[in-house]
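Report on one structure; see the data block that follows.
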Amino acid sequence: MNKIAVQVDDLTVAYNYKPVLWDIDLEIPEGVLMAIVGPNGAGKSTLIKAILGILNPIAGSIRIYGKPYTKQRDLVAYVPQKGSVDWDFPTTALDVVTMGTYGSLGWIKRPRQKEKKAALEALEKVGMLPFKNRQISQLSGGQQQRIFLARALVQNASIYFMDEPFQGVDATTEIAIINILKELRKAGKTVIVVHHDLQTVPEYFDWVTFLNVKKIATGPVKDIFNDDNLTKTYGINYKVSIQE
Amino acid sequence: MDLQEYFSLVFSDYTLRTITLGTAILGAVCGMLGSFAVLRKQSLLGDAISHAALPGIAIAFLLTGAKESNVLLIGALISGLIGTFWIRGIITKTHLKSDTALGLILSLFFGVGMLLLTFIQKQPNANQAGLDKYLFGQAATLVESDVWLMAFVTGICLIILLLFWKEFKLLLFDADFTKTLGFNTKFIDILITSFIVLAIVLGLQTVGVVLMSAMLLAPAAAARQWTNSLGVMVLLAAFFGAFSGVLGTAISASQNNLSTGPVIVLVAGVFVLFSFIFSPSRGLLFRQLRFLKNRRDLELHKTLAFMYQIAETHENISHPHAIKILNNFHGFTRSTLQKLVKKNLVSLEGNMWSLTEDGFKTASNLYNQQTKEDE
């Protein structure tokens, strides 16, 4: 088996009184394209946010290639939910993508030619180069999602966390995005995606984690993506036909 | 004194120059920082902070007996900061939404402030007169040292803004992402908020507790209408703010009995109104005009397309047809027909219309385009 890219031990997170995540142990091997699936309120986004240090967990430890996240930020990129920001913010597509370089720049230093070039390349990769100077509110939902993806690509990381990148995008964009994700995997990167559409799991992903407050199962799609785990996760009798 | 006289005096008269400079600097710094408040959707924060500053002024007076603005403003700064961080605490630690927390702190602090003010006014010593100027502001009481202080704070604010521009922008747009990149979001947040508090406190003497938030919001709201770039927005807001300050001072100085603070706020309000209506990309006027033009164009195309469908069935494309067969469902109105005639796409004869050669060609292209886009 490959190296462990992300290791989560005993992770518990609560917002108020009720735990959102309970005692999660999770090992994500390097180089997988993994879906996190589960019903609404299962803690999928919370899991990602806890791994990335956006939320303070009650208990547990998180390791990125064996070290704490704060030491490994350069290795990690993040695509938040599209709805988490105000798209009427006065800025352009290129500017948003350039924000992906801010982490490696550090405090105070401004992006220069090199950073701009990287941003333009990322825009090219997601097919958004013609829109680089477009005000972001004038982009469609799918285009905004591509901009977010480009911003993560600029981070040039080893592990990518994406929170529902397929939400509200049309079929063309979905295919374009999944192709980019598969390319990332081919380049040896680890990609972790919060995903809603169960039908496409076997087609898009090779690794899957079932989550509903507790971890139900994690492993290769071909081994564990079955009715049993789906029922355990979603609480009703679930039937999906899996192509053999 | 009329406006002309004012502008000839503003460079020579000490008092006028001081006040004008003061309101201009205040307007500029409030406009800059207001942009951040507006974009963070914390517009009400300014209102809460300014009201929260009132008890600080009263307590500073009670403790020291001094009426120097610097002493009182330090009191205002402390109680403004306490109010602000209390609001933040309520939002993060309870279920209350930010508007509730803001409203709560605003009225609580303002109530305490008013209580203390009335208490002070009932005291026998004559020193207490004039504290109520902090309620509605009194620009006439500005002295040179006040303006220096404003200029100093504005300068620091400008330096901080230029240094941390990238970080500010990032936090405003996407706070979670900022955190994952390793920036200390709490630090950036406190930096912005502290400067907003500072700017508000500086403005209390001039504009007063009640109207201060307008100084913060109005220039920024107006500026947002004209640009899609954060940098330009901040610059424009500073300019609008400074201009409102100067013009407001000029108007109030040239008329009797118009107090400066409210006039400045009204001038800024006019900027907002003007921007909301006349901004080319976001303004109501041009948006409505674009909408109407678009609609008319589409009506025209729809009518032409329908005519084309009919004309197509005849060997002679210019075969006349009755106007009666056109109807509103196809975008037809008297005026669309007139316009088509004017464009030489259709010719009219009595109650009959016919497509011209040109009209047929235009319509066929139109029609092809439409169906291609539909596919």
Side-chain angles (χ1 to χ4, degrees), chain A residues 15-17 45 48-49 51-56 69-82 84-96 98-111 115 133-138 147-148 151-152 154-155 157 159 161 163, chain B residues 35-43 92-96 159-188 191 220-237 275 279-282 287 290:
Chain A
Y15 285 122
N16 296 308
Y17 312 104
S45 298
I48 287 190
K49 285 184 178 171
I51 293 174
L52 293 171
I54 298 169
L55 293 171
N56 273 334
Y69 174 68
T70 46
K71 297 224 166 86
Q72 303 279 51
R73 287 184 202 282
D74 299 350
L75 300 179
V76 175
Y78 175 45
V79 178
Q81 275 186 30
K82 190 164 68 66
S84 66
V85 303
D86 173 15
W87 288 94
D88 196 36
F89 193 81
T91 190
T92 60
L94 176 61
D95 203 32
V96 172
T98 311
M99 288 177 186
T101 65
Y102 286 10
S104 56
L105 279 170
W107 288 92
I108 296 173
K109 254 170 79 187
R110 299 286 182 92
E115 283 77 22
N133 291 323
R134 193 68 80 82
Q135 151 72 18
I136 52 172
S137 65
Q138 285 156 15
I147 292 299
F148 258 14
R151 186 177 69 173
V154 163
Q155 289 184 269
I159 308 173
F161 290 94
D163 204 341
Chain B
S35 306
F36 293 112
V38 166
L39 289 174
R40 299 196 72 186
K41 306 193 171 39
Q42 288 183 335
S43 305
T92 48
K93 298 223 160 61
T94 72
H95 285 295
L96 294 179
I159 292 171
I160 296 283
L161 219 71
L162 287 173
L163 272 182
F164 295 106
W165 180 257
K166 178 183 95 214
E167 288 78 10
F168 284 161
K169 184 165 69 177
L170 192 61
L171 181 76
L172 287 179
F173 178 62
D174 195 342
D176 279 354
F177 187 70
T178 311
K179 219 169 178 181
T180 66
L181 292 184
F183 293 104
N184 186 340
T185 50
K186 217 173 213 165
F187 171 74
I188 310 173
L191 205 58
R224 179 67 188 94
Q225 296 296 309
W226 298 95
T227 175
N228 280 327
S229 145
L230 180 64
V232 179
M233 178 179 165
V234 171
L235 277 178
L236 263 184
S275 306
S279 135
S281 63
R282 298 166 73 95
R287 221 165 48 194
R290 267 198 305 274

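Keep in mind the model is a prediction, meaning the values are calculated, not measured. Sequence lines set the chain letters: A, B, ... in the order given, protein chains first and strands last, and positions in each chain run from 1.
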- line: Pair count under 4.5 Å, heavy atoms only, with chain B: among A:Lys49, A:Arg151, A:Gln135, A:Met99, highest is A:Arg151

- prompt: Can you tell which of B:Asp176, B:Thr227, B:Val232 has the highest number of heavy-atom pairs within less than 4.5 Å of chain A?
  reply: B:Asp176

- prompt: Taking atom CD1 of A:Ile108 and atom CG of B:Leu162, what is their separation to the nearest 0.5 Å?
  reply: 11.5 Å

- prompt: Is the shortest heavy-atom distance from the side chain of A:Ile54 to the side chain of B:Thr180 under 4.5 Å?
  reply: yes

- request: Please name the pair of heavy atoms, one in A:Gly53 and one in B:Lys179, separated by the smallest distance, quoted to 0.1 Å.
  value: O-CE, 4.1 Å

field: 4.5 Å side-chain heavy-atom contact, B:Asp174 and A:Pro80
entry: yes

field: Minimum-distance pair of heavy atoms, taken over all atoms of A:Gln138 and B:Asn228
entry: NE2-ND2, 4.3 Å

query: Should A:Val96 and B:Phe177 count as side-chain neighbours, where that means a heavy-atom distance under 4.5 Å?
result: no

field: Contact list for residues 160-171 of chain B, test salt bridge (Lys or Arg N to Asp or Glu O under 4.0 Å), sequence neighbours left out
entry: A:Asp95-B:Lys169

task: Check whether any side-chain heavy atom of A:Thr91 sits under 4.5 Å from a side-chain heavy atom of B:Leu230, and report yes or no.
output: no

query: If you count heavy-atom pairs under 4.5 Å with chain B, which of A:Ser84, A:Gly106, A:Ser104 comes out on top?
result: A:Gly106

query: Under 4.5 Å between any side-chain heavy atoms of A:Gln155 and B:Leu181, yes or no?
result: yes

message: On a heavy-atom basis, which atom in B:Ile188 and which in A:Trp107 lie closest, and how many Å separate them?
response: CG1-CH2, 3.7 Å

field: Selection residues 72-82 of chain A - residue pairs positive for salt bridge (Lys or Arg N to Asp or Glu O under 4.0 Å), sequence neighbours left out
entry: none

- prompt: With only heavy atoms counted, which part of B:Phe187 is less than 4.5 Å from chain A, the side chain, the backbone, both or neither?
  reply: side chain

task: Name the option with the most non-hydrogen atom pairs under 4.5 Å to chain B; the candidates are A:Thr92, A:Leu105, A:Asp86, A:Asp88.
output: A:Asp88

task: Check whether A:Phe161 gets within reach of chain B through its side chain, its backbone, both or neither, counting any heavy atom under 4.5 Å.
output: neither

Portion of A:Leu55 that has a non-hydrogen atom of chain B nearer than 4.5 angstrom: neither

- prompt: With a 4.5 angstrom heavy-atom cut-off, which part of B:Arg282 approaches chain A: side chain, backbone, both or neither?
  reply: side chain

- prompt: Is chain B contacted by the side chain of A:Tyr15, its backbone, both, or neither, given a heavy-atom distance below 4.5 Å?
  reply: neither

Chain A contact via B:Phe164 - side chain, backbone, both or neither, heavy atoms under 4.5 Å: side chain

query: When rounded to the nearest 0.5 angstrom, what is the spacing between CG in B:Leu163 and NZ in A:Lys109?
result: 14.5 Å

- request: Could you look at A:Val79 and say if it's the side chain, the backbone, both or neither that has a heavy atom under 4.5 Å from chain B?
  value: neither

